[in-house]
Each structure stands twice: as C-alpha cells, then as structure tokens.
Amino acid sequence: MDSKKTVGFIGVGVMGNPIASHLLANGCEVLVYDRSDAAVAAMTQAGAKALPSVAAVADAAAIVFTSLPSPAVFSDVLLGQGGLAGGKAVKIVVDLSTVGSRATRHAGSVLLEHGIDLVDAPVSGGAAGAKAGTLAVMVAGREAAVAEVQPLLECFGKLFHVGPQAGQAQLLKLLNNMLSSTAFAITAEAFVAGVRGGLDPQVMMSAINAGSGRSGASQDKFMKQVLPRSFDFGFPVGSVCKDIGLAIEECEALGVPMWIGNTVRQLWNFAGRQDGMQRDMTELVRSIEDWSQGAR
C-alpha cells in the first residue's frame, strides 16, 4: 500500500474508530469528521487529522469511507447539502454502514452522475472484530473502484466479492444480520427455559455448542457476554431493530413471505420498547428472564 495514501473517514464511532485506526496503522493519512466531538478527539489522539465538515473531507480526499447509523443519515451525508456528492476531490466513497440496498442503489446512481463511484462494503463481526481486524467485508461495486480500495479493506477484514452493483452487498449483510439476531433470540429463550428447569448454564451451553443446536450466538455471545453476565457485546437493541426491519422489507419486496422473520422483529421491537433501545443486544436475555418470572 502507498504509505502516503490519504483517505477520508466520516463516522468514527464504535465501528468507525477501530476501522480508521487500522488504516492509520497501515500508513494512511486519515482525515476524519463526526458529529461527536468526543469521537473526533479519540481519533486525533490516535494520529488522524480532524476536518470541520463532510464537505471539507470530500474536498480533501479522493477516497472517503463512511460508517453511519441509519439510511437517513447515510443519504444526508452522501447526497444532502454539503454532502459527498458535491466534493471537489472525492472519486470513490466506500460505505461500511448497514442501510439497505434501496438507499444504497439510489445513492450510487446519484454519485455516479457526479463522477463518483460507490463501493458498497458493509461489515460483519461487531466491535470486537473491528478492533481485531477480522471483519467479514461484503463488497459490491464497479470492478475498477473495488480493485482500487481492496488493499485498504484488507487492512481490517476478509473480503467477500458479492457483485458489480452497489446494493448487492447490503442485501447479503441484512440477511446475515437477520440470521444472527434470530439465532440470538431463540437461543435466549432456550437458555432461560433451561435455567428455569434447573440446568447448569455452563453445562447446557457447552452441550449445545457440541451438538446440533449450536450457532454463532451460542458459541460466541453466550459464552463471552451472557454466561459471565457482562452483557457488553457492543451492539444496541435499537440497531438490531433497525437492521432486521430493513431485512424484512427487502425480503418482502422480493416476494418472500417472512413468517419467522416478522415474529423475531416483533420480539426485538417489544424488548426495545419495554427495556430500552440503547441496551446491549445481549441483554435480551435479561428481558426474557424478567418476562418469565410469572410462569409456572
């Protein structure tokens, strides 16, 4: 990689911070912007340079990464007034967010009219994977643009080339997240039932993980965040609700009936409304424990 390569990075929160840090560690000059002063300060302490606006980043870097929380923020940053579409320097936008294929396809089309490629590159692996540089990076976009940014993406994860159109990686990411949140929800119900039935939690999860009921939820989140009761995976319930909602909408638009998906969406939304959207997703176990207190 060119050790003098300059890249922009907009959105340096829970996921953006460690990803941008990997770019710094691999010799990039990283120009950052975030609405949070604290998030920007953490990056400048790590060696990044702070710029005052999205427009300033777009005027200074040919490649700009975005890691944003919602489709609305994504659309505003890329296409709104002072957004990336009007940048003087930017030629490739690499979006790491989970915002759905429809918003991504629209943004990609508008950016292309301005001579800017959108590389659709959502990531999976959570904050721990971002810090370790072991994310799964699902990539879609025009071949030349993807090839140019591939060395940068490889700084923080393993690439999976999905297709030539921005939006294709979004669909895959949403399907992945829907499977992940579904697995966690049903494992949480089974876990609480087992404990109420007198099973030892450690023995129960060890047996499940050695058998056919195992999943990423049981092997990772339950062993690291639920059994120790730390509940600190680093992904809020509200983000689960956003992602699974987008996934259901995409699947239904493709004509797929979503009986299980809709039920799981209702469960997560109910937990968020009852106990707080900002709680860690692994605290769904606590919600189910509370709801089960009246059972006999």
Side-chain angles (χ1 to χ4, degrees), residues 15 68-75 95-109 120-126 129 135-140 160 162-163 165-193 208 212-222 226 233 235-288 291-292:
M15 295 295 289
L68 303 168
S70 71
V73 174
F74 166 82
S75 295
D95 181 55
L96 309 171
S97 318
T98 304
V99 294
S101 63
R102 286 176 289 181
T104 298
R105 286 196 303 268
H106 175 66
S109 176
D120 174 22
V123 298
S124 181
L135 292 168
V137 187
M138 291 153 266
V139 185
F160 296 86
V162 180
Q165 297 179 346
Q168 289 178 300
Q170 286 292 320
L171 176 58
L172 179 55
K173 173 62 190 303
L174 288 173
L175 296 175
N176 174 83
N177 281 21
M178 181 172 63
L179 289 169
S180 175
S181 58
T182 299
F184 189 86
I186 192 61
T187 306
E189 291 183 340
F191 175 82
V192 173
I208 287 171
S212 60
R214 67 186 180 276
S215 67
S218 67
Q219 293 177 309
D220 183 28
K221 299 180 186 72
F222 270 79
V226 176
F233 179 66
F235 196 70
V237 170
S239 293
V240 175
C241 294
K242 182 262 292 184
D243 288 356
I244 197 168
L246 286 170
I248 297 299
E249 291 171 8
E250 300 245 350
C251 293
E252 290 182 338
L254 293 169
V256 180
M258 299 302 294
W259 293 295
I260 295 171
N262 271 307
T263 298
V264 175
R265 174 169 63 171
Q266 290 172 0
L267 171 63
W268 282 104
N269 284 335
F270 183 78
R273 290 192 299 268
Q274 292 293 308
D275 299 320
M277 290 291 185
Q278 295 307 311
R279 297 218 308 177
D280 192 90
M281 68 168 291
T282 57
E283 292 193 71
L284 180 67
V285 171
R286 283 178 163 167
S287 296
I288 294 173
W291 303 337
S292 70

Which distance, rounded to the nearest 0.5 Å, do you find between the [atom1] of [X] and the [atom2] of [Y]?
{"X": "E189", "Y": "L267", "atom1": "CD", "atom2": "CG", "result": "6.0 Å"}
{"X": "K221", "Y": "F233", "atom1": "NZ", "atom2": "CZ", "result": "4.5 Å"}
{"X": "S218", "Y": "F184", "atom1": "OG", "atom2": "CZ", "result": "10.5 Å"}

TODO: Please answer whether the main-chain N or O of H106 pairs with a side-chain N or O of S109 as donor and acceptor at a distance below 3.5 Å.
DONE: no

Open item on the list: Using a 3.5 Å distance criterion without hydrogens, assess whether the side chain of D220 forms a donor-acceptor pair with backbone atoms of G216.
Closed with: no

At their closest point, which heavy atom of [X] faces which heavy atom of [Y], and how far apart are they?
{"X": "A140", "Y": "A169", "value": "CB-N, 3.7 Å"}
{"X": "T98", "Y": "L246", "value": "O-CD1, 4.1 Å"}
{"X": "S181", "Y": "V264", "value": "O-CG1, 4.3 Å"}
{"X": "A185", "Y": "W268", "value": "CB-NE1, 4.0 Å"}

Can you check whether [X] reaches [Y] side chain to side chain, under 4.5 Å on heavy atoms?
{"X": "V256", "Y": "E252", "answer": "no"}
{"X": "D95", "Y": "Q170", "answer": "yes"}
{"X": "M15", "Y": "S97", "answer": "no"}

Task: Side-chain H-bond candidate by donor/acceptor type, D275 with S287, under 3.5 Å - done: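 Note: D275 and S287 side chains meet the donor-acceptor criterion.
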
Task: Residue L175 excluded, over 12 heavy atoms near CG under 6.0 Å - done: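 Enclosed.
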
- [ ] Applying side chain to side chain donor-acceptor pair (under 3.5 Å), run through S124 and N176 and close with a yes or a no.
- [x] CA-CA 8 Å; S124 181; N176 174 83; 3.1 Å; yes

Task: From Q165, K173, E250, E249, residue fulfilling side chain to side chain donor-acceptor pair (under 3.5 Å) relative to S101 - done: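 Only one of Q165, K173, E250, E249 forms a side chain to side chain donor-acceptor pair (under 3.5 Å) with S101, namely E250.
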
Task: Residue of the set T104, L254, D120 for which side chain to side chain contact (heavy atoms under 4.5 Å, CB included) holds with L171 - done: L254

